[in-house]
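Single-structure report; data block below.
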Amino acid sequence: MRFVTIATDRGPRACGVRPDGLVDLAAADPELPASLKAVLAMGPDGVRRAAEATANARATIDRASVKLLPPIPNPEKIVCIGLNYRDHAAETNSPIPSAPIFFAKYPNALVAPGDPILLPPESEQADYEAELVVVIGRGGRRIPRERAMEHVGGYMPGHDVSARDWQLHRPGRQWIAGKTFDTFAPTGPELISADAVADPQALGVRLRLNGRTMQDSDTSNLIFPVADLIAHLSAIMTLAPGDLIFTGTPPGVGMARNPPVWLQPGDVVEVEIDGLGTLSNPVVADPAR
């Protein structure tokens with residue numbers, strides 16, 4: 001099942017995706033909520049009802065006529081995992097972590113497919129990072145690894161834009177500050193339900209900068225797979241429906257190149273993940289410049 005969230009005069013609305021258009025789920029089935037994270041919180045029954053509503057709806061919405069939002073426009077938490085690909089850790093001269101390294105972004109960083117990534121005047125070293133994003137369906141605390149996948153609502157492409165000068169060279173290595181400038185977390189275009197992804201550890205992940213492939217790997221190279229991340233994070237915090245987990249980036253980032261490659265106004269960045277689609281965003285200078 002493929003989902004998007006669109007902007008309407010009634011607020012964000014979750015839609016199912018069909019070849020001939022989009023279906024407003026709450027309009028097609030009044031017992032379904034308008035919020036995608038609320039649909040995912042219903043577990044497999046919510047996805048099943050959404051699939052039925054999408055298939056049976058008589059009216060569809062022309063995708064070109066609406067504004068796409070991030071699939072989950074209002075997550076409670078955005079958790080990111082650092083150095084989760086062995087070869088990415090190596091290219092940054094970092095030791096292989098013995099436990100997941102996590103940090104946070106905040107909802108101000110979320111933008112939709114097609115929205116611009118704004119380069120802030122406060123940073124000169126904005127970098128790109130393609131990532132698989134896990135979306136929590138049913139929440140929970142202290143979720144055992146063997147039950148962790150039952151709590152996945154779906155998956156989508158994500159872009160963890162990173163101000164390396166803040167992350168690595170400011171006093172105290174300001175990871176969160178460098179990761180959560182406005183617009184530094186594009187996601188989408190669609191969310192694919194967990195039941196439609198046979199193995200989240202077998203997905204090709206690529207990033208193209210102005211058409212040139214900069215990152216090309218697959219999720220079999222994750223040091224800590226999805227189930228491990230959910231078990232680890234839920235031991236620390238209660239995971240809620242709609243929480244986003246950016247699972248880490250493969251090698252090929254700009255800071256590891258010689259010379260380094262930083263995002264520039266006029267760039268276009270595409271994050272492609274097998275079976276999940278392609279997330280594309282232009283890069284522009286923040287008007288504050």
Where Gly82 and Phe103 come nearest, the two heavy atoms and their spacing:
N-CE2, 3.9 Å
Is there a donor-acceptor pair under 3.5 Å between the side chain of Arg164 and the backbone N or O of Gln125?
no
Solution key, residues 26-39 side-chain donor-acceptor pairs under 3.5 Å, sequence neighbours excluded:
| residue | atom | partner | partner atom | Å |
| --- | --- | --- | --- | --- |
| Asp29 | OD1 | Glu31 | N | 3.0 |
| Asp29 | OD1 | Arg49 | NH2 | 3.2 |
| Asp29 | OD2 | Arg49 | NE | 3.2 |
| Asp29 | OD2 | Arg49 | NH2 | 2.8 |
| Glu31 | OE1 | Arg49 | NH2 | 3.2 |
| Ser35 | OG | Lys37 | N | 3.4 |
| Ser35 | OG | Ala38 | N | 3.3 |
| Lys37 | NZ | Asn74 | O | 2.7 |

Is any side-chain heavy atom of Ile223 less than 4.5 Å from a side-chain heavy atom of Pro97?
yes
Between Leu25 and Met156, is there shared hydrophobic-cluster membership here, with clusters defined by ILVMFWY side-chain heavy atoms closer than 4.5 Å?
yes
Partner set under side chain to side chain contact (heavy atoms under 4.5 Å, CB included) for Ser98, not counting sequence neighbours
none
Answer yes or no: is there an ion pair linking Arg10 with Asp24, defined by an N-O contact shorter than 4.0 Å?
yes
CG on Leu118 to CZ on Phe181, rounded to 0.5 Å:
11.5 Å
Decide if atom CZ of Arg147 counts as having more than 12 heavy atoms of other residues, nucleotides or ligands within a radius under 6.0 Å.
no
Non-hydrogen atoms of Leu69 and Pro113 that approach each other most closely
O-CD, 4.2 Å
I'd like to know whether Val205 forms a side chain to side chain contact (heavy atoms under 4.5 Å, CB included) with Thr219, so could you lay out the CA-CA distance, the side-chain angles of the two residues, the decisive distance to 0.1 Å, and finally the verdict.
CA-CA 7 Å; Val205 179; Thr219 55; 3.8 Å; yes
Between OG1 of Thr54 and CE of Met1, what distance do you get to the nearest 0.5 Å?
3.0 Å
Please check if the number of heavy atoms outside Arg48 that lie under 6.0 Å from its CZ is greater than 12.
yes
Could you state whether Ile81 and Ile136 fall into the same hydrophobic cluster, counting links through intermediate Ile, Leu, Val, Met, Phe, Trp or Tyr residues with side-chain heavy atoms under 4.5 angstrom apart?
yes
Answer yes or no: is there an ion pair linking Asp115 with Lys67, defined by an N-O contact shorter than 4.0 Å?
yes
Are Phe102 and Phe246 grouped together when hydrophobic residues (ILVMFWY) are joined by side-chain heavy atoms under 4.5 angstrom apart?
no
Tell me, with the steps shown, if Leu207 and Asp216 meet side chain to side chain contact (heavy atoms under 4.5 Å, CB included).
CA-CA 7 Å; Leu207 182 142; Asp216 189 356; over 6 Å; no
Could you check whether any side-chain heavy atom of Val269 comes within less than 4.5 Å of a side-chain heavy atom of Met214, counting everything from C-beta outward?
no
Please give me the minimum heavy-atom distance between His159 and Leu279, naming the atom from each residue.
N-CD2, 4.0 Å
Determine whether Val79 and Asp243 make a side-chain contact, defined as any pair of heavy atoms from C-beta on separated by less than 4.5 Å.
no
Co-membership, hydrophobic cluster, residues Met237 and Ile143, 4.5 Å side-chain
yes
For residues Ala130 and Arg206, report the shortest heavy-atom separation together with the two atoms involved.
CB-O, 4.1 Å
I want to check something: taking the side chain as every heavy atom from C-beta on, are Ser217 and Tyr85 in contact at a cut-off of under 4.5 Å?
yes
I'd like to know if the side chain of Arg257 and the backbone of Gly252 have a donor-acceptor N/O pair within less than 3.5 Å.
yes
Does the side chain of Ile117 reach to within under 4.5 Å of the side chain of Pro186, using non-hydrogen atoms?
yes
Rounding to 0.5 Å, atoms OG1 (Thr238) and CZ (Arg141) come to a distance of 5.0 Å
Which other residues end up in the same hydrophobic cluster as Val66, if Ile, Leu, Val, Met, Phe, Trp and Tyr are linked when side-chain heavy atoms come under 4.5 Å apart?
Val4, Ile6, Val17, Leu22, Ile61, Leu68
Are Leu40 and Tyr155 joined in one hydrophobic group, where the rule is that I, L, V, M, F, W and Y side chains link up if heavy atoms are under 4.5 Å apart?
no
Under 3.5 Å, side chain of Tyr106 to main-chain N/O of Thr180, donor-acceptor pair present?
no
Does any part of the side chain of Thr183, heavy atoms only, come nearer than 4.5 Å to the side chain of Val161, both counted from C-beta?
no
Residue pair Pro75 / Leu244, side-chain heavy-atom distance below 4.5 Å
yes
Please report the interatomic distance CD(Glu272) to OG1(Thr213), rounded to the nearest 0.5 Å.
8.5 Å
May I have the step-by-step check of side chain to side chain contact (heavy atoms under 4.5 Å, CB included) for Arg208 and Asn210, ending in yes or no?
CA-CA 6 Å; Arg208 292 183 292 274; Asn210 303 323; over 6 Å; no
Spacing of Thr247 atom OG1 and Asp228 atom CG [to the nearest 0.5 Å]:
12.5 Å
Minimum heavy-atom separation for Gln201 to Val226, with atom names?
OE1-N, 3.2 Å
What are the two closest heavy atoms between Leu110 and Pro70, and how far apart are they?
CB-CG, 4.3 Å
Could you tell me whether the side chains of Ser280 and Glu270 share a donor-acceptor contact shorter than 3.5 Å?
no
Any non-hydrogen side-chain atom of Asp267 less than 4.5 Å from a side-chain atom of Pro282?
no
Before giving the answer on salt bridge (Lys or Arg N to Asp or Glu O under 4.0 Å), spell out for Lys105 and Glu129 the whole-Å C-alpha distance, their side-chain angles and the decisive distance to 0.1 Å.
CA-CA 14 Å; Lys105 287 179 179 277; Glu129 295 190 40; over 6 Å; no
Just do the side chain to side chain contact (heavy atoms under 4.5 Å, CB included) check on Lys179 and Gln167 with the steps written out, would you?
CA-CA 7 Å; Lys179 296 284 190 170; Gln167 178 192 0; 3.9 Å; yes
Side chains of Asp165 and Ser123, donor plus acceptor under 3.5 Å:
yes
To the nearest 0.5 Å, tell me how far Leu222 CG sits from Asn84 CG.
5.0 Å
